[in-house]
Undergrad: 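Got a structure here, written out as structure tokens. Questions coming.
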Amino acid sequence: MSYLITGGAGYIGSHVVRALRQAGETVVVLDDLTTGVRARVPEDVPLVVGSTLDRALLDATLAEHSITDVVHLAAKKQVGESVEMPLHYYRENVHGLQTLLEAMAAGGVPRFVFSSSAAVYGMPDVDLVTEDTPCVPINPYGETKLVGEWMARAAGKAHGISTACLRYFNVAGAATPELADTGVFNIVPMVFERLTQGAAPRIFGDDYDTPDGTCIRDYIHVADLADAHVAAARSLAEPGPVRDLTLNIGRGEGVSVREMVDLIAEITGHQGVVPEVTPRRAGDPARVVAAADRITKELGWQARHDVRDMITSAWAGWQHHRPEARQG
Ligand SMILES: NC(=O)c1ccc[n+]([C@@H]2O[C@H](COP(=O)([O-])OP(=O)(O)OC[C@H]3O[C@@H](n4cnc5c(N)ncnc54)[C@H](O)[C@@H]3O)[C@@H](O)[C@H]2O)c1
């Protein structure tokens, strides 16, 4: 099998590249390097620099490397930015995906794994979010992921492409310090940044209807997430009819923001720091925790790393990329 990984120079994509190679697979990366980093792609992995919007480039890449499997991670992912620039998000995430699926259909590529997100669920009012919980995204980013799932499934059915839509919950950690997330868009790096600056970490609202009043999320180690992609791709390749999988990728375990902040403070040597509680942010649901049993049943995959592993590895990555944090 020969894999094309779009967005393979990104945070999660580079972990997927690593996991597939460790599983003995042949991999090619296509990335426009808008947020990706060339150095994340191993030197002996071909890197095609370009966009999923470039149909001619996609046709040539699929043919030249005899691609049998596409893992599509290339996308814009910032919720706030998607509210300000919805058309850009629809263009990159939806039109980019459409162009890719058209190229796959024309080139007869039989398998597709899609990076979806728990953002498709919006504000789920359930204890555990199953794959059958209604999808009601509340921002353009989540909408592009839901439209993407619809498009992938429909194109899969019509053109004989087996598909797996993987709904990631909150991704954290790093397999190696070099591959760590360098953006500051979610709780772990946001708390690192505040602590590194000598400032109190922020908690957005502690008056939610949860045991400690702060929001509850389900965190998944990026190395576990990458392994789930290998399991999904392998499963699609089993002989049989065209497949259509939709799977949550989480641990099925809720961790509150306050628990997370306390654990980060402890692991980074900032015990006793008192977080600053600010008003709620718009659009933050109280609790989003995955029902994570379908993927275990379907693929035999299960997360191996806990939240402590995620924070410890992310902190090593933070210090690697920001030398000033080492002195702090
Ligand atoms: N990080 C998370 O917590 C999270 C959660 C749920 C879903 N996801 C999804 O996972 C995927 C990867 O996210 P990430 O955190 O690694 O982000 P990232 O920004 O690090 O990676 C995205 C990669 O795609 C590339 N890219 C973007 N648009 C492109 C295009 N049109 N053509 C070619 N390359 C393009 C970027 O250069 C980058 O390397 C995204 O689809 C994202 O929506 C991420």
Side-chain angles (χ1 to χ4, degrees), residues 4-19 28-41 45 47-55 57-58 61 70-79 81-82 85 88-100 103 112-121 129 137 139-149 152 165-175 178-190 217-226 228-229 247-250 288 290 310 314 317 321:
L4 178 66
I5 315 298
T6 73
Y11 163 52
I12 300 171
S14 59
H15 283 88
V16 173
V17 168
R18 183 177 178 277
V28 177
V29 168
L30 182 135
D31 198 298
D32 67 4
L33 300 180
T34 46
T35 56
V37 180
R38 186 183 286 271
R40 285 203 184 115
V41 181
V45 168
L47 168 63
V48 179
V49 178
S51 172
T52 50
L53 290 155
D54 184 342
R55 174 67 194 275
L57 182 68
L58 292 173
T61 304
V70 174
V71 183
H72 179 52
L73 298 112
K76 303 296 165 213
K77 65 162 184 178
Q78 291 180 50
V79 168
E81 190 180 66
S82 79
M85 306 167 68
H88 182 58
Y89 271 66
Y90 270 83
R91 181 174 162 75
E92 294 287 328
N93 295 4
V94 177
H95 190 43
L97 169 59
Q98 179 187 345
T99 311
L100 178 60
F112 183 69
V113 178
F114 176 54
S115 278
S116 187
S117 167
V120 297
Y121 296 115
V129 180
N139 51 60
Y141 169 70
E143 289 164 13
T144 65
K145 290 294 175 184
L146 185 56
V147 172
E149 288 193 7
C165 296
L166 305 183
R167 295 176 175 165
Y168 314 164
F169 281 62
N170 291 65
V171 188
E178 306 80 52
L179 297 187
D181 193 2
T182 51
V184 186
F185 304 120
N186 55 44
I187 183 170
V188 177
M190 279 163 72
R217 296 288 179 270
D218 186 348
Y219 296 90
I220 178 80
H221 195 298
V222 67
D224 282 333
L225 175 62
H229 288 74
L247 299 168
N248 284 343
I249 309 192
V288 186
M310 295 177 219
H321 291 288

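Whatever order the structure lists them in is the order used to number ligands and atoms, beginning at 1. As the structure is a prediction and not an experimental result, all values here were calculated from the model. The figures here come from the full heavy-atom set of this structure, side chains too, leaving out hydrogens, waters and symmetry mates.
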Undergrad: For ligand 1, is there an N or O atom under 3.5 Å from any N or O atom of Asp31?
TA: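 Yes: some nitrogen or oxygen of Asp31 is under 3.5 Å from one in ligand 1.
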Undergrad: Going by distance only, is there an N or O of Arg40 that falls short of 3.5 Å from an N or O of ligand 1?
TA: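 No; the residue has no nitrogen or oxygen that sits under 3.5 Å from a nitrogen or oxygen of the ligand.
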Undergrad: Can you tell me how the ring of Phe114 sits relative to the ring of Phe112, calling it parallel under 30°, perpendicular over 60° and tilted otherwise?
TA: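 Aromatic pair Phe114/Phe112 classed parallel.
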Undergrad: Name the closest protein heavy atom to atom 32 (N) of ligand 1, giving the residue it belongs to and the distance to 0.1 Å.
TA: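 Residue, atom and distance for the closest contact: Thr52 N, 3.0 Å.
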Undergrad: Using only atom types and a distance under 3.5 Å, with no angle test, would you say the side chain of Arg40 pairs donor to acceptor with the backbone of His15?
TA: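 No.
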Undergrad: Where the closest heavy atom to atom 22 (C) of ligand 1 is concerned, which of Ser14, Ala75, Gly50, Ser116 has it?
TA: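 Of the listed residues, Ala75 has the closest heavy atom.
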Undergrad: So do the side chains of Val49 and Arg38 get within less than 4.5 Å of each other, counting heavy atoms only?
TA: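 Result yes, sub-4.5 Å side-chain heavy-atom pair found.
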Undergrad: Quick one: do Tyr141 and Glu81 satisfy side-chain hydrogen bond (donor to acceptor under 3.5 Å, both in side chains)? Show the steps, please.
TA: CA-CA 9 Å; Tyr141 169 70; Glu81 190 180 66; over 6 Å; no
Undergrad: When you measure from atom 35 (C) of ligand 1 to each heavy atom in Leu53, Ile12, Asp32, Val49, which option holds the nearest one?
TA: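 Nearest option to atom 35 (C) of ligand 1, by heavy atoms: Asp32.
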Undergrad: What is the nearest protein non-hydrogen atom to atom 23 (C) of ligand 1, stated with its residue, atom name and distance?
TA: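 Answer for atom 23 (C) of ligand 1: Gly7 CA, 3.6 Å.
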Undergrad: Phe169: which residues meet the ring pair (Phe, Tyr, Trp, His ring centres under 6.0 Å) condition with it, sequence neighbours left out?
TA: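 Expected list: none.
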Undergrad: Could you tell me which non-hydrogen atom of His321 sits nearest to which non-hydrogen atom of Glu178, and how far apart they are?
TA: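 For His321 and Glu178, the tightest heavy-atom pair comes out as NE2-O, 3.3 Å.
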Undergrad: Once side-chain hydrogen bond (donor to acceptor under 3.5 Å, both in side chains) is applied, do any residues pair with Arg217, and if so which ones, sequence neighbours excluded?
TA: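 So Arg217 forms no side-chain hydrogen bond (donor to acceptor under 3.5 Å, both in side chains) with any residue.
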Undergrad: Suppose I only count heavy atoms of Gly36 and a 4.0 Å limit; which atoms of ligand 1 are within that range?
TA: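 Result: 36 (C), 37 (O), 38 (C), 39 (O).
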Undergrad: With side-chain contact (heavy atoms from CB on, under 4.5 Å) as the test, pick out the partner of Tyr168 among Asn248, Leu73, Asp218.
TA: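 Going through the options one by one, the only one that passes is Leu73.
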Undergrad: Taking atom 9 (C) of ligand 1 as the point of reference, which of Phe114, Phe185, Tyr168 owns the nearest heavy atom?
TA: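 The nearest heavy atom belongs to Tyr168.
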Undergrad: Look only at interatomic distance and state if Tyr11 has a nitrogen or oxygen under 3.5 Å from any nitrogen or oxygen of ligand 1.
TA: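 Tyr11 vs ligand 1: N/O contact under 3.5 Å present.
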Undergrad: Among all protein heavy atoms in this structure, tell me which lies nearest to atom 31 (N) of ligand 1, with the distance rounded to 0.1 Å.
TA: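 It is Glu92 OE1, 2.7 Å.
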Undergrad: Heavy-atom distance to atom 41 (O) of ligand 1: which of His72, Lys145, Lys77 wins?
TA: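 Nearest heavy atom to atom 41 (O) of ligand 1 lies in Lys145.
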Undergrad: Heavy-atom contacts with Tyr141 under 4.0 Å: which atoms of ligand 1 show up? List them by number with element.
TA: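 Listed by number with element: 6 (C), 7 (C), 8 (N), 9 (C), 42 (C), 43 (O).
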Undergrad: Please work out which of Thr182, Leu33, Thr35 has its closest non-hydrogen atom nearest to atom 36 (C) of ligand 1.
TA: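 That would be Thr35.
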Undergrad: Ligand 1 and Gly10, any nitrogen or oxygen pair closer than 3.5 angstrom?
TA: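 N/O-N/O distance under 3.5 Å: yes.
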Undergrad: Output the list of atoms in ligand 1 that are nearer than 4.0 Å to some heavy atom of Ser117, sorted by atom number.
TA: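 Atoms satisfying the 4.0 Å criterion: 6 (C), 7 (C).
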Undergrad: So for ligand 1, is Leu73 a polar contact partner (N or O within less than 3.5 Å, distance only)?
TA: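 Yes, at least one N or O pair falls under 3.5 Å.
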Undergrad: Tell me, which protein residue and heavy-atom name are nearest atom 28 (N) of ligand 1, and how many Å apart are they?
TA: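 Closest protein heavy atom to atom 28 (N) of ligand 1: Lys76 NZ, 3.5 Å.
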Undergrad: Does some side-chain heavy atom of Asp181 sit less than 4.5 Å from a side-chain heavy atom of Asn186?
TA: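 The answer is yes; the side chains approach within 4.5 Å.
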Undergrad: Would Asn170 count as being in polar contact with ligand 1, using the rule that some N or O on each side must be under 3.5 angstrom apart?
TA: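 So ligand 1 has no N or O lying under 3.5 Å from an N or O of Asn170.
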Undergrad: Using modelled atom types only, decide if a donor and an acceptor are shared between the side chain of Thr6 and the backbone of Ala74 within a distance under 3.5 Å.
TA: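 Yes, because the side chain of Thr6 sits within donor-acceptor range (under 3.5 Å) of the backbone of Ala74.
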Undergrad: Against ligand 1, does Ala9 come closer than 4.0 Å with any heavy atom?
TA: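 Ala9: in contact with ligand 1 (<4.0 Å).
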Undergrad: Hey, mind stepping through Gln78 and Tyr89 against side-chain hydrogen bond (donor to acceptor under 3.5 Å, both in side chains) and telling me if it holds?
TA: CA-CA 9 Å; Gln78 291 180 50; Tyr89 271 66; 5.1 Å; no
Undergrad: Give me the atom names and distance for the closest heavy-atom approach of Val45 to Val28.
TA: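 Shortest heavy-atom separation between Val45 and Val28 comes out as CG1-CA, 4.4 Å.
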Undergrad: Is there any N or O on Phe169 that sits under 3.5 Å from an N or O of ligand 1?
TA: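 It does not: no N or O of Phe169 is found under 3.5 Å from an N or O of ligand 1.
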